Each structure stands twice: as C-alpha cells, then as structure tokens.
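As structure tokens, the structure follows; a few thoughts come after it.
Order of appearance sets the numbers: ligands from 1, and atoms from 1 within every ligand. Index from 1, following the sequence. Since the model is a prediction, treat every value here as computed from it, not as a measurement.
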Amino acid sequence: MTLIAGDGVGPEVISAAIKVVEAAGVEIDWDRQAAGAYALKRYGTPVPDELIVSLKRTGVALKGPLETRSGEGYRSINVYLRKTFDLYANLRPTLSFKGVHTPFRKVDLIVVRENTEDLYAGIEHEVAPGVVESIKIITARASRRIAKFAFEFARRHQRKSITAIHKANIMKLSDGLFIRCARRVARDYPEIRYQEQIVDAACMRLVTNPASFDVLLLENLYGDIVSDLCAGLVGGLGLVPGANYGDKGAIFEAIHGTAPDIAGKGVANPIAAILSGAMLLDYIGHPGAAESIRAATGSVLRSGRVLTSDIGGKATTDEMTAAVIRAMGRR
Ligand code: NAD
C-alpha cells in the first residue's frame, strides 16, 4: 500500500494508524511517499512523479492531510489525486461514541459526497479586474454514479433512508440535474426511503434533530461543509474517518486537515486516522482486524481515561494510541 504521511499533524496520526493496523495482526508493506508542502520543500513539487507511480501500482493508500493555502499557492493535491484516480465517492461515516460528551447521543450518519466535480473542478478566471468567475460543473454521469454508490451502500448496510441535499431552488440547472439523477436512481431501490432537503434547512435540522437523517447524499462542496458539521455533532474532527473510492482503487484519510495550531505538539487525536486505517482493512479483505480496531477505539473512548484534549482529556497522541493497542490485546 502507498503511505502518505502528509503535512502538519499528518505524520503523528498516520504513525498511530500504522501501529494500530500492525497490532491488529495485518502485515502491510508500506511504500512511503511524499506529497503536499513537505514534498514541495524536499523535492520542489507537491506531487512527485514517484507518488503517482506508487498509487498506480498499489491502487490503495493511507494518507495524512495535505496543506493547501487559502487564496494563494498551488491547487489542492487532494482534489488532484481524487480526480486523477477518479476516486468519485467520498464516504464519511460519523458516529457518536459513548464517553465523548456532546449535546447529542446516538448520531449515526453516513455522508456520501461526490468527489470529482462541482465548484471543486477549480475552473476559475478573472473576467475583468475585480470580477472573477468560478464555474460549477455538474454532470448526469457523475450524479448518477454517486447516487448509485449511496444506494448500493445503503442496501449493503441495511440503511433505511437517503436524503439528497441540494440548493436546486436557486441552482435550478446544476443542482436540479443532481436531484433528478438521484430520483431516477432511487426508483431502483424501493426498499430505501428517498427524500430531499435544501442544504440550509438540512443544516438546521442536522443540529436540532440529527436522528432524522441516515445516509446523506451531496455534491462536492455541500458534502465537504456538511461533513464537518456532522463531525461537530459527535465531538469533532479528530474522530471522523473517511475513504475516497473509485472503481479501481481507494485512498483512506481522516476528514480533518493539517491542524497547524497543534502540529508537532504530539497532542492530535489519532482516532480519525486509526479508523481510516480500519476502513482500509475492510477494503483489502480483513474485516475481522478492522472490527477489532473499531471495538478497541470504542472501548478506549467509553472508558474516558485516556483522551486527547480535543475531547476533554489530557493524553498525548502516543498515549491514546497505546491505549487502543492495549484494548485490542484484551479482546
Ligand atoms: P483542520 O481540520 O486542520 O483544523 C480545524 C480545527 O480542528 C483545528 O482547531 C484543529 O486543531 C482541529 N483538529 C483537526 N484535526 C484534529 C485532530 N486530529 N485532533 C485534534 N484536533 C484536530 O482545518 P483547517 O485549519 O481549516 O485547515 C488546515 C489545513 O489543512 C489547510 O491547509 C487545509 O487546506 C488542509 N486540509 C486538508 C485536508 C486533507 O488533506 N484531506 C482536509 C481539510 C483541510
């Protein structure tokens, strides 16, 4: 597998994930590759050719977050990798954990985000001084295939409903096409309830009654924003894993970024990266090991004794990682 430690807290949380995967009994030959700000500094490019060659060869990666500067600098390498390898489905399971105190209990949301188009196509230009145009691309092909991915996921995991979240009252053509495609795909899955909600109202309902949602189906930009909102419901970005799936490969990564405010301090919450490692193990055919990692993280969080500061404790990244490994040993 390809391993991208990433920038900021990336190397800290990815090292935690590797240790836990190893402790789960799965031996992986990691091909370490540089990307992002670290690669730019070291090799003069944020996407070295070796990285692309490695991803083409392995088809699977565990990845830390990569820095993308706001309003300047190179374009997002995350977006570049997702588009280059056509990793069109971003899956972000967001679950409450006993022991992590939030105003909500039993949140269980699956965010399915289209990963290749929308405003993330990055087609922007200056029309005239002081006037900039940014183009939102929505295609029937990509909308249909992400809807199909969401419905197939829901069917496989016995989920009850899918809510397509949109702003088709304003973007009648683009978001209109997205929901028309979702409606068409929904007809093939009569056992799954299909509903639609406008994105602003959906955000309000998510923070007042998250239990009224199950699987959320969104375009790229709404998906990114709403998944961070969902992370807030369960205790923060340090807890939510993610996967970018294509037909031929996948990249697994926590939903959080480089967390520059805590990078290098050894206090980042490793759970999101560890659970992303568990999703990778599911994907490569080790569901038992994946389940033992999930059970161990659940028990560490539930006991509440070894928690990082983002979820109310004082533990370091290493202490929490060691606690997860100990909990696996007890099973
Ligand atoms: P961020 O997710 O890095 O941080 C937001 C807040 O959450 C910060 O206060 C941070 O300390 C906290 N946080 C994040 N992960 C945490 C963890 N594991 N444990 C404890 N606290 C954690 O978002 P940002 O500050 O908006 O972005 C920083 C950089 O990360 C930017 O360059 C952005 O482009 C990049 N980014 C990359 C990815 C990715 O590579 N997939 C995703 C999001 C952001």
Side-chain angles (χ1 to χ4, degrees), residues 2-17 20 33-41 46-47 51 61-83 85 87 90-92 94 97 100 102 111 113 115 120 122 220-221 223-245 250-277 279 297 300-301 306-321 324:
T2 302
L3 185 75
I4 305 163
D7 299 318
V9 295
E12 300 161 54
V13 295
I14 287 295
S15 137
V20 172
Q33 294 293 333
Y38 170 75
L40 180 65
K41 212 162 135 199
V47 211
L51 166 67
L62 181 63
K63 173 185 161 300
L66 301 176
E67 178 187 306
T68 314
R69 299 212 165 170
S70 297
E72 58 174 23
Y74 52 83
R75 296 217 347 230
S76 165
I77 305 309
N78 297 311
V79 174
Y80 176 80
L81 294 177
R82 292 166 194 164
K83 284 184 75 171
F85 293 97
L87 305 174
N90 188 195
L91 185 78
R92 296 176 157 184
T94 310
F97 293 98
V100 179
T102 74
V111 174
R113 164 192 177 200
N115 227 2
Y120 277 61
N220 206 337
L221 178 61
D224 198 15
I225 297 169
V226 169
S227 53
D228 275 29
L229 184 156
C230 292
L233 301 176
V234 300
L237 292 169
L239 294 167
V240 183
N244 306 281
Y245 296 111
I251 295 181
F252 296 84
E253 59 180 336
I255 79 167
H256 65 73
T258 59
D261 49 339
I262 55 167
K265 297 183 178 160
V267 296
N269 187 337
I271 297 296
I274 290 171
L275 292 175
S276 304
M279 291 176 83
T297 49
V300 168
L301 293 170
V306 189
L307 303 178
T308 44
S309 60
D310 57 313
I311 48 174
K314 290 194 176 127
T316 63
T317 310
D318 286 349
E319 286 164 350
M320 202 162 177
T321 307
V324 172

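Ring centroid separation for the pair F252 and Y245 comes in under the 6.0 Å cut-off.
Atoms of ligand 1 found under 4.0 Å from any heavy atom of P65 (numbered from 1 in listed order, with element): 39 (C), 40 (O). For ligand 1, the atoms sitting less than 4.0 Å from at least one non-hydrogen atom of E67 are 32 (O), numbered in the order shown with element in parentheses. Close contacts between ligand 1 and L66 involve ligand atoms 35 (C), 36 (N), 37 (C), 39 (C), 40 (O) [criterion: under 4.0 Å to a heavy atom]. Counting the atoms of ligand 1 from 1 in the order shown, those under 4.0 Å from a heavy atom of G238 are 17 (C), 18 (N). Near G257, with a cut-off below 4.0 Å to any heavy atom, the atoms of ligand 1 are 1 (P), 2 (O), 3 (O), 30 (O), 36 (N), 37 (C), 38 (C), 42 (C), 43 (C), 44 (C). The E253 neighbourhood of ligand 1 comprises atoms 41 (N), with distances under 4.0 Å to a heavy atom of that residue. Atoms of ligand 1 lying under 4.0 Å from at least one heavy atom of A268, given by number and element, are 19 (N).
The parts of T68 lying near ligand 1 are both backbone and side chain, judged by heavy-atom distances below 4.0 Å. Of all the heavy atoms of S70, none lies under 4.0 Å from any atom of ligand 1, so neither backbone nor side chain is involved. If you look at L237 next to ligand 1, the close heavy atoms, those under 4.0 Å, all belong to the side chain.
Annotation: atom 39 (C) of ligand 1 to nearest protein heavy atom, N78 ND2, 3.1 Å. Regarding atom 16 (C) of ligand 1, its nearest protein heavy-atom neighbour is H256 CG, 4.1 Å. At the top of the distance list for atom 19 (N) of ligand 1, counting protein heavy atoms only, stands N269 N, 2.9 Å. Nearest to atom 12 (C) of ligand 1 among the protein's heavy atoms is A259 CB, 4.4 Å. The protein heavy-atom contact nearest to atom 24 (P) of ligand 1 is P260 CD, 5.0 Å. Shortest contact from atom 28 (C) of ligand 1 to any protein heavy atom: T258 OG1, 3.5 Å. Among protein heavy atoms, atom 22 (C) of ligand 1 sits closest to I262 CD1, 4.1 Å.
Looking only at distances, a side-chain donor or acceptor of E12 sits under 3.5 Å from a matching main-chain atom of G264.
Checked by atom type, the side-chain pair D310/T308 shows a donor-acceptor distance below 3.5 Å.
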